[in-house]
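Single-structure report; data block below.
The chains referred to below are lettered A, B, ... by the order of the sequence lines, with proteins before strands, and numbering in each begins at 1.
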Protein chains: 2
Amino acid sequence: MISLAEVQAFCTAANAASTPQTLMHAVQEITARMGFRYFALVHHIDLLAPDGTGIRLVHYPHEWVEAFEEGRLYASDPIHRASQTTNVGFAWSKVATMITLNARDRAVLAAARIAGLGNGFTIPAHIPGETNGSCSFAMGEGDDMDDAQLPLVQLVGSFAFEAARKIAHAAASPIPAVPQLTERQIECVALVARGKTDWEIARILGVGAETVTQHLKDARDRYGVTKRTMLAIRALFDGAISFADILRR
Amino acid sequence: MISLAEVQAFCTAANAASTPQTLMHAVQEITARMGFRYFALVHHIDLLAPDGTGIRLVHYPHEWVEAFEEGRLYASDPIHRASQTTNVGFAWSKVATMITLNARDRAVLAAARIAGLGNGFTIPAHIPGETNGSCSFAMGEGDDMDDAQLPLVQLVGSFAFEAARKIAHAAASPIPAVPQLTERQIECVALVARGKTDWEIARILGVGAETVTQHLKDARDRYGVTKRTMLAIRALFDGAISFADILRR
DNA sequence: TCCGTTATCCCCAGAACTGGGGAGATCATC
DNA sequence: GATGATCTCCCCAGTTCTGGGGATAACGGA
């Protein structure tokens, strides 16, 4: 079993890494030390960074990597979907208790098994305004996971992702800056997301309808979108508003 | 210094907790064990106004809690802002390197110090579609933090937040039956969420614009909403569509 | 065979949104 | 004292949505 000291050593090494290669090497090493065979440190989609600035350090069976890309599973993969429901690591064997698996999901999991992946452990990595990601470690088929060290595995996953993020940020010169909305704009968008009209929002905020229209105009401009629906969803996606803001009554 | 075994014991206890009180007690205990004096496990929303389904377990100096609510700092507090830029724990002394501190931020930090808070460590907790939160542990003024155990503190913070989340979810309302949309309706809603007009959606699906209008009319009816924005967000919330459907190019 | 569901299309009137223009006030910062 | 950001309000023309009312056809189950 790996020790806390080793985790800390990895953390230091990962933080010092300035290239994906260096980091890849460090992760590979600790993956083996933790008794895993495979790992994948990835962003789940490449939304606003179509040019490949997304994080992607993968050491998985070739077969599976190909099948994965073939099926464009980045965001529909059940493991990824499950990782979006928590912020602590979870064993793949628990996925069925986290999300509802449909027929396609089961097919995906079966395919992974056939490709040589055994049980695994995934650490979610979510940061408001950034693409969701995760860091997964997997055994070969048949191998047993040591539950006792999973908390340490979680730490490794978090630190690894953070290190990858740092490298990716440094590499991505034109920072895809998440548009910042003003407080008033956010209030308006939150109410838009609740299906209010400009006039209703104006009543609620105690200002003129024209003012609300203007705030939303400005907010749309900042996100570069032309529809209030898109505005609400983008604001939701990068955390300017949350489902709690919208759906609570 | 705390041991990994103690962290795991806390994790088990936290997961078993079914009321905020039980969890509060467990967190209080381990906080002391880790050498901290205060903690705050919170959602970053204004908990005075809404109905209070947000997470909020706080043991901070009274003075500070009051000042905090007075100033409505839930989302503008520099510590909270910093926590939204990472997914690993950070010492408060590092905040200046994470976000740009303005005059007001510095005033807030100074006020916290006056209220008796020393250095602290905050673990972010972000889950897509949910309110951002964090778990912070703080020393009394003048006390020194043991850097070596911070990774374990991070684990405790993550587990504590997850446990609180589980309790909050359980307390939340009985699930109202999720309306089912037809396949065609879902396709239309997904495109609505991408900001398309009925006419554009009709082109994409190869049907008449009137048909799209009708599908959306029906979909709104099923959800009992009157605005397409609300429709998109509800569909997103209960999984009929996903961010991946919307935002991938 | 009848009924419910789904998908397709049509018309209309009023409400709501969008994009363009402009303008005054406040506040913090430089 | 200027500058920029924010918030506030106004006008207008054109587009888009929304909620009514229809209709036809295919499919599958009761």
Point-to-point distance, once rounded to the nearest 0.5 Å, from SG of B:Cys188 to NZ of B:Lys217: 13.0 Å
Could you tell me whether B:Thr226 contacts a base, only the sugar-phosphate backbone, or nothing, with contacts defined as non-hydrogen atoms closer than 4.0 Å? sugar-phosphate
What is the distance, to the nearest angstrom, from the CG atom on B:Asp218 to the P atom on C:dT5? 12 Å
Using OP1 and OP2 only, check whether a side-chain N or O of B:Arg184 sits under 4.0 Å from C:dT6. no
Modelled atom types, side-chain donor and acceptor of A:Thr229 and B:Thr229, under 3.5 Å: yes
Pick the closest DNA chain C nucleotide for A:Thr229 and for B:Lys217 by heavy atoms, then say which residue is nearer the 5' end. B:Lys217
Steps toward side chain to side chain donor-acceptor pair (under 3.5 Å) verdict (A:Ser134, A:Ser83): CA-CA 7 Å; A:Ser134 63; A:Ser83 83; 4.6 Å; no
Closest-nucleotide 5' rank along DNA chain D - winner of A:Gly206 and B:Trp199: A:Gly206
CG of B:Leu216 versus C1' of D:dG19: gap in Å, rounded? 13 Å
Could you check how far CE of A:Met230 sits from P of C:dC17, rounded to whole Å? 18 Å
In whole angstrom, give the distance that lies between atom CG of A:Leu231 and atom P of C:dA16. 19 Å
Rounded to the nearest Å, what distance is computed from the CD atom of residue B:Glu183 to the P atom of nucleotide C:dT5? 18 Å
Would you mind reading off the distance between A:Asp198 atom CG and D:dC10 atom C1', rounded to a whole angstrom? 15 Å
Any side-chain N or O of A:Arg228 under 4.0 Å from OP1/OP2 of C:dG19? no
Backbone N/O of B:Gln154 and side chain of B:Ser158: donor-acceptor pair under 3.5 Å: yes
Counting any heavy atom closer than 4.0 Å, what does B:Lys227 reach on the DNA or RNA strands: base, sugar-phosphate only, or nothing? sugar-phosphate
Using the rule side-chain contact (heavy atoms from CB on, under 4.5 Å), only one of A:Leu231, A:Leu216, A:Asp218 pairs with A:Gln185; which is it? A:Asp218
Quick one: which of D:dT8, C:dT8, C:dG20 gets closest to the side chain of B:Thr211? C:dT8
Rounded to whole angstroms, how far apart are CD on A:Glu210 and C1' on C:dG21? 12 Å
Measure CD/B:Gln214 against C1'/C:dT8 and give the value in whole Å, please. 9 Å
Look at B:Thr182 and C:dT5 and indicate whether a side-chain polar atom (N or O) is within less than 4.0 Å of OP1 or OP2. no
